[in-house]
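Working notes, structure below.
Hydrogens, waters and symmetry mates play no part in the numbers below; they use all other heavy atoms, side chains included. Fair warning: this is a prediction, and the values are worked out from it, not measured in the lab. Here is how names work: the chains are called A, B, and so on, in the same order as the sequence lines, proteins then strands, and each is numbered from 1.
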Number of protein chains: 2
Amino acid sequence: MGSSLKEIAERVGTSTASVSIYLNNRDTKRVSSAMKKKIDVAAKELNYRKNIFASSLSKSESKVIGILIPSNIPLFKNGYTNSLLSGIQSSLALKGYSLLFFPSSASSSKENVQEQLQNSAGCDGYILFSTGFCTMEHILWNIRELENTGKPFVTLNIPRVSKEVNQIIIEDLTSLRSLEYLLDAGHEKILLILGRTNGEHMQFILTEYRKILKQRKIPFDNRRIIYGNYSHKDTFLKVSNFLAVHRDISAICAMSDLMASSSLAAVKATGLTVPGDISIIGRNNSLYSELSDPPLSTLEMKIEDAGRSAADLLFEQITNPATCRKIFISGEIIERQSVNEKS
Amino acid sequence: MGSSLKEIAERVGTSTASVSIYLNNRDTKRVSSAMKKKIDVAAKELNYRKNIFASSLSKSESKVIGILIPSNIPLFKNGYTNSLLSGIQSSLALKGYSLLFFPSSASSSKENVQEQLQNSAGCDGYILFSTGFCTMEHILWNIRELENTGKPFVTLNIPRVSKEVNQIIIEDLTSLRSLEYLLDAGHEKILLILGRTNGEHMQFILTEYRKILKQRKIPFDNRRIIYGNYSHKDTFLKVSNFLAVHRDISAICAMSDLMASSSLAAVKATGLTVPGDISIIGRNNSLYSELSDPPLSTLEMKIEDAGRSAADLLFEQITNPATCRKIFISGEIIERQSVNEKS
DNA sequence: AACTATAGGTTAATCGCTTAACTTATTTGC
DNA sequence: GCAAATAAGTTAAGCGATTAACCTATAGTT
């Protein structure tokens, strides 16, 4: 049964203060060693465990970080998000912080975060996630709400925000560095495989795409964009259909390793070879790219680093509230065996 | 800034009781509609957010479930654990529960759980994870500690425990159903790829292995067991080395899809074909198996179902403390294109 | 007119832990 | 021998929200 400090104090005949003082600092000189022993015995016998809610309330410090996620689809399913979380957790755990994930039931990203925030005052800080589905308006709204809490927070996974907000900016979230790599290798006719048609991230990427094409004086061709929905089946089908009609491309640039893998399967199924006939590059350096045959070149985005940085920046804020900076995480191309120079 | 009920009450000229009553039940008749409006305005202006620690302490109910993990290696990195967590979270979120992950710094699984439990009284329930590294002794110790808290809990990912403990038993955690599938297909000379040499789970599997061989009157051959460490490189290397010497096997049974994928790569590298020369089966039905060329048959373990069941069972216990049962999750073979009948 | 409901509150104790401030007895220093 | 230091406590006021129990005024009933 859950016992309290009071019960221990009564049993050993002292005040709760002494018990609390001792249990929070075993080296304290304010409790005699005889008393220390008695408290230890009583605590064990009574199965004492500190109530985190009482302690946090009393100290006005909880050592708990709230993770705000603007969606109510099941968590821990997305490899990308998991990497971020892994980075965050590994760094915060070292500093003694717990992570709290709230439920939410709303349908919009704005309301989800609001709902999560509504009942979570008392956390020492927050990390605000975003997804490609959050509109810039919702993101800014959520940031405003967070500012109002007066608590430290860091935003993750969103494009740069001009506000003075602590922010981790994953540069390659909206870059097309892998496309440029293919272009630099001499490819011009490239099939671009994006994630979904909606969502802000893809809009940024499309804008970037047009910019790069213009720079290189390559005409924009709408047919050379496919939306794979981050799904194996969708991508395989759409790429197969594409190749059935257009055989003139020399490379495929996919916005995820999964979609790159699926594209690879589709290319092989048509009898073409990689990288002989078609070069392929993925994104995220997940195991899919390493396990493919041939192993796929990819854009390593350093997601876990981003998570760790977010945690570090949050911690910095907790210890020094004046902290205000943006940390940029930039990735790098991992060269494997799926891209040839185009002569 | 974080405001309190008291500040709202003062601003609108009422008691904290009224404010609390209204905010917890907007339809209450104990607050006039004029007062309701005033409270709404004040709450908005003062950016009121309920303090989860104060509220939980007061109600002796937190709507928080503690997730106990007997290791301090970074979380969210393991696909298997992530599936469990995803199942848990999806079910508990629907019921309004938050998930709390504690930090821990100890070196043994026993101490890790103890440390996490030590400061977490007040949660409404716990889910105890295990890993293949936990010894049965540590597991039982942790269960005893949990029983002492008097709080509902469920154990996950461990072999069946005779104690009267609520438990989700993932049958294929310690089964060799995929091996039997190969045997049934006529294969006899099979290379078994296990995870690590240490850890209880593998011991269970080894025992099972010997049992199955004895039943089928197949001699045990120590050389036909490889430990791939769940690592692509290790597995690839070890399987390559194996094949350089022994070409007489007709099938490979791997305890993870990743290791199955790596084996596939190794087999292909030696010039042999799958499933022509060698059949391969994996475990866990992860995307690796689906994306391989050829797609790998695998043992789907229904991990997410297990997570969901754990959540449901925990919830049942919270609402009815007398609950005591074990739920068995059994998987099924997913047939793809990596296994041939052996004639 | 007397009685009961009901609306619309308020009071104050409580959840379990922490901590500043106070107390008292015993040592230690010089 | 006396002041100062130290050891070993205790007291009591919070932290912020909840809730059982109580209160008063008005409306409705018979």
Rounded to whole Å, please give me the gap between [atom1] in [X] and [atom2] in [N].
X: B/Q118; N: C/dG16; atom1: CD; atom2: C1'; result: 15 Å
X: B/N119; N: C/dC17; atom1: CG; atom2: P; result: 11 Å
X: B/K6; N: D/dT18; atom1: NZ; atom2: P; result: 16 Å
X: A/K29; N: C/dA25; atom1: NZ; atom2: P; result: 22 Å
X: A/I39; N: D/dA8; atom1: CD1; atom2: C1'; result: 11 Å
X: B/I21; N: C/dT11; atom1: CD1; atom2: P; result: 13 Å
X: B/L57; N: D/dG16; atom1: CG; atom2: C1'; result: 9 Å
X: B/F53; N: C/dC17; atom1: CZ; atom2: P; result: 15 Å

Between the side-chain atoms of [X] and the base atoms of [N], is any donor-acceptor pair under 3.5 Å?
X: B/S55; N: D/dA17; value: no
X: B/S20; N: D/dG16; value: no
X: A/R30; N: D/dT6; value: no

With no hydrogens and no angle check, is any side-chain donor or acceptor of B/S83 less than 3.5 Å from a backbone partner on B/I303? no
If only atom types and distance count, is the side chain of A/N119 paired as donor or acceptor with the main-chain N or O of B/K50 below 3.5 Å? no
For B/R308, is there an ion pair with B/D305 - N to carboxylate O distance below 4.0 angstrom? yes
Could A/R26 and A/D40 be called an ion pair, given the rule that one side-chain N must be under 4.0 Å from one carboxylate O? yes
Closer than 4.0 Å, any side-chain N/O of [X] to the OP1 or OP2 of [N]?
X: A/Y48; N: C/dC17; result: yes
X: B/N24; N: D/dT18; result: yes
X: A/S58; N: D/dC15; result: no
X: B/T16; N: D/dT18; result: no
X: A/S56; N: C/dC17; result: no

Is the Lys NZ or Arg CZ of B/K36 less than 6.0 Å from the centre of B/Y22's six-membered ring, within 45° of the axis? no
Upstream residue (5' side of DNA chain C) when B/M35 and B/K59 are each assigned their closest nucleotide: B/M35
[X] side-chain proximity, nearest of [options]:
X: B/S18; options: D/dG16, D/dT10, C/dT10; answer: C/dT10
X: A/S4; options: C/dC17, C/dC15, C/dT18; answer: C/dC17
X: B/K50; options: C/dG9, D/dA17, C/dC15; answer: D/dA17

Are A/F101 and A/F76 close enough, and set up right, to give a ring-ring contact (aromatic ring centres under 6.0 Å, His included), and what steps lead you there? CA-CA 11 Å; A/F101 295 84; A/F76 313 123; 5.3 Å; yes
If we fit an axis to the first five pairs and another to the last five of the helix from C/dA1-D/dT30 to C/dC30-D/dG1, what angle do they make, to the nearest 10°? 30°
Would you classify B/S15 as touching base, sugar-phosphate or nothing, given that sugar-phosphate means primed atoms plus P, OP1 and OP2, and contacts are heavy atoms under 4.0 Å? base
Heavy atoms only, 4.0 Å cut-off, all strands: where does B/T14 land among base, sugar-phosphate and nothing? sugar-phosphate
Below 4.5 Å, heavy atoms only, C-beta onward: do A/V41 and A/K44 meet side chain to side chain? no
A/F53 vs B/F53 aromatic rings, parallel, tilted or perpendicular, using cut-offs 30° and 60°? tilted
